[in-house]
Amino acid sequence: MEKDDRDKVLEFAIKHGFVYPAYEIYGGVSGFFDYGPLGCILKNKIENKWREIFCIKEGFFEISSPTIAPEEVFIASGHVENFIDPLVYCNNCKQAYRADHLIEEELKIDTKNLSLDEMEKLLEKICCKKCGGKLSKIIMFNLMFKTYIGPLNSRTGYLRPETAQNIFILFNRLYDFARRKLPFGIVQIGKSYRNEISPRQGLIRLREFTQAELELFINPKERKYSRFKYYENENLYLITNNNQEYKITAREAVDRGIFINEAFAYCIVLTKIFLKQIGIDENNIRFRQHSKEELAHYARDAWDCEIKTKRYGWIEVAGIAYRGDYDLRMHEIHSKKELKAFVTYERPIIIKKEILEPNLTLIGKTFKKKAKQILEILKNEKYVEEFKKKGKVIIELENDTIILDERYVKLKRVEQRIVGEKLIPHVVEPSFGIDRILYCLLDNNLKEIDGRMVLTLKPEIAPITVAVFPLVNKDELNAIALKIYEEFKNNGLYAIYDEKDTIGKRYYKADELGIPFAITVDFDTLKDNSVTIRFRDTKEQIRVKIEDVVKVVENFLKEKRYQKACAL
RNA sequence: GCGACCGUAGUCUAGCCUGGUAGGACGCUGGCCUUCCAAGCCAGAGACCCGGGUUCAAAUCCCGGCGGUCGCACCA
């Protein structure tokens, strides 16, 4: 970590229009940022790359849900209960404590089932640990933004603190869409909101932020995941919750039991691949397992993906959580709707048993309206034994006793084939903070190369793809350059045109903004209709015909030939 | 939320202690120059975080707010 009290990456980002502190002219509000012109493009490109890797390539689909949800959702999910921190502070020295932690520590009383009033009473016995002063009343910190849905007497609503819940709530619809088969995945990219007590560190902790989440629904009984084989040899840098460091392949990690199953390992690997592909240095990526205390209320296991930054060291940009059946189970309980999948066994389970086969014609004719009830009662297995002993079955109805002998029922040996079962799927959830990733991407790619500032973003990720320049500011060159500039824009590429200052200065600025290709119209252009393409990272140039220039740039993007031209 | 430090053009800063409304550099705009890698010339625009107090007079002193950095606490 660089010892510097300023966040140079954030300063760079603000200066060049990637982000702005929000509501600045009204003094600003911490925890909120605007995305500026370049940041907006970059963010979209990051999101699209994420879509490509976590959604399209996997054969998954994306949904987009409201960001406001009624209270019931977060009561069920546990967020209403778990998102509130009771805080007290010392009236004398202002030291702040978590009320529940303080009670547990000082009085050795489990606070889990205590009401606020009960905690207040217990706190009267406790003084400030630091100065012995009197403690304040409990202050509740609710990290969810609360709002109202509708006018007077309206429903309480919350801005969602994660995108995941919307997917769980839609489970039955989505399971249906997935043709009722596990595993399947649903992704969502969208805004989430957390009313952080004190957001710090620029883009790292925001009150409104963009999450990209995959909810992968799997069969909990299946340890294998068929697509795992494609990436099982990817190397991972892992730190387990007992502080063991490993640099091993995903396969080895599964074999050693470090990951709970292949689906989980797969999500870890996809995370690394995604980050590599947008341009994070592989050596700056590691995965750290949560300790038991760190685990969220819903998680059985969780790993943070961390990226090393110059300013803040390792920071968390994604979390891969094993949510088990927690969410679907809770929503089943609270909504009273079944949220299950049907899983067929590899081999059907065959159960041989005896049943009583009713003579429907006779029972119907004899008992008329009571027949239906009788048939229902007959399904109880205890009557099989009774029939075997006595040769008949005696059924007690409300005000009637019915005796069924061998004319009515017959003993029959049957083979029952159970082909599967209903169960709540388990969920593996990779969850990304897009804003943090954007920050890390700038951090990892803002470099000084022999005196030049170069933002070495990959051409496909760089916000602006080409800069078009006349070598010098002369009308005959400008006219051609402007035409080429139009041509790029017409082909859907972000381009800029500049004729000011010297060519060197313009290259310098383009490098700083991460523009991978610079097209220069010079005096040879007037003779042979050719222009130069300059590559940002190497400063090398090639000459191409004007009519080919757009296509050549497009090919550099598509075929990734730039890797030769640009030393990425 | 607490504490410490801090807040001057787009950016970095001088001035604040010892009150008399602001100077520089880079950047920006216009012009000149310039035949391939920023920082050559001329001109121009641009600032004291917000509110209150003290004072004849506040960027400067005092109080509050907002914002920033760091530490504590929090961080699903």
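Letters A, B, ... are given to chains in the order of the sequence lines, protein chains preceding strands, and every chain is numbered from 1.
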Would you mind telling me which residue lines up with the more 5' stretch of RNA chain B, A/H290 or A/L10, judged by nearest nucleotide?
-> A/L10
Whom does B/G44 pair with, Watson-Crick or G-U wobble, provided both distances fall under 3.5 Å?
-> B/C28
Rounded distance in Å between the C1' positions of B/C6 and B/A45 | 29 Å
Tightest non-hydrogen contact, residues A/V550 and A/F488, listed as CA-CE2, 3.8 Å
Spacing between A/I25 atom CD1 and B/G51 atom P, to the nearest angstrom = 13 Å
Report the base-pairing partner of B/A22 (Watson-Crick or G-U wobble, both distances below 3.5 angstrom), or none.
-> none
Under 4.0 Å protein heavy-atom contact, by nucleotide of nucleotides 25-35 of chain B - B base, S sugar-phosphate only | --SSSS---BB
In plain terms, say whether A/D304 and A/R288 are close enough for a salt bridge, that is, a side-chain N and a carboxylate O under 4.0 Å apart.
-> yes
Can you tell me the pairing partner of B/G1 across any strand shown, Watson-Crick or G-U wobble, with both distances under 3.5 angstrom?
-> B/C72
Nearest-Å distance once atom P is located in both B/G46 and B/U35 | 35 Å
So which nucleotide from B/C74, B/G67, B/C36 ends up closest to the side chain of A/Y507?
-> B/C36
For atom CD1 of A/I519 and atom P of B/C37, their distance in whole Å = 18 Å
Pick the C1' atom in B/U21 and in B/A39, then give their distance to the nearest Å.
-> 33 Å
5' priority, RNA chain B, between A/Y508 and A/N195 [closest heavy atom] | A/Y508
Pick the C1' atom in B/C28 and in B/C74, then give their distance to the nearest Å.
-> 42 Å
Using the P atom on both, measure B/C72 against B/C26 and round to a whole Å.
-> 41 Å
Looking only at N and O atoms, is any donor in the side chain of A/R534 or the base of B/C37 less than 3.5 Å from an acceptor on the other one?
-> yes
When the ring centroid of A/F274 is compared with that of A/F432, is the distance short of 6.0 Å?
-> yes
Could you state the CG-C1' distance from A/D327 to B/A76, rounded to the nearest angstrom?
-> 11 Å
Give the rounded distance in Å between these two atoms: CD of A/Q211 and P of B/A76.
-> 13 Å
Using a heavy-atom cut-off of under 4.0 Å over every strand shown, decide if A/G451 touches base, sugar-phosphate, or nothing.
-> base
Ring centroid separation for A/H426 and A/Y322, is it under 6.0 angstrom?
-> yes
On a whole-Å scale, what distance lies between the P atoms belonging to B/U18 and B/C62?
-> 10 Å
A/F145 has an atom CZ; how far is it from atom C1' of B/A76, in whole Å?
-> 15 Å
Distance check: side-chain N/O of A/R311 vs OP1/OP2 of B/C70, anything under 4.0 Å?
-> yes
Just call it for A/T520: base, sugar-phosphate, or nothing, with non-hydrogen atoms closer than 4.0 Å on any strand.
-> base
Could you state the CD-C1' distance from A/E512 to B/G10, rounded to the nearest angstrom?
-> 13 Å
How many Å lie between CD1 on A/I533 and P on B/C37, as a whole number?
-> 19 Å
G-U wobble or Watson-Crick pairing nucleotide for B/C66 (cut-off 3.5 Å, both distances) = B/G7
Decide if the gap between the ring center of A/F54 and the ring center of A/F60 is smaller than 6.0 angstrom.
-> no
Using a heavy-atom cut-off of under 4.0 Å over every strand shown, decide if A/F469 touches base, sugar-phosphate, or nothing.
-> nothing
Any strand is fair game: report the nucleotide pairing with B/U54 by Watson-Crick or G-U wobble, both distances under 3.5 Å, or none.
-> none
When the ring planes of A/F259 and A/F264 are compared, do they come out parallel, tilted or perpendicular, using 30° and 60° as the limits?
-> tilted
Please measure how far the P atom in B/U60 lies from the corresponding atom in B/G53, and state the result in whole Å.
-> 14 Å
Is the A/F145 ring parallel, tilted or perpendicular to the A/F32 ring (thresholds 30°, 60°)?
-> tilted
side-chain hydrogen bond (donor to acceptor under 3.5 Å, both in side chains) with A/E499: which residues, sequence neighbours excluded?
-> A/N478, A/Y497
A/D537 CG to B/C37 C1', in whole Å, measures 14 Å
Neighbour count >12 (heavy atoms, 6.0 Å) for atom NZ, A/K483 | no
Side chain of A/E11 - closest among B/A38, B/G68, B/C12 = B/C12
Looking for any heavy atom pair under 4.0 Å, which part of the strands does A/Q541 touch: base, sugar-phosphate only, or nothing?
-> base
Donor-acceptor pair, A/R536 side chain versus A/G514 backbone, under 3.5 Å?
-> yes
Assign A/R205 to base, sugar-phosphate, or nothing according to its heavy-atom contacts below 4.0 angstrom with the strands shown.
-> base
For B/U8 versus B/U13, give the span between their C1' atoms, rounded off to a whole number of Å.
-> 9 Å
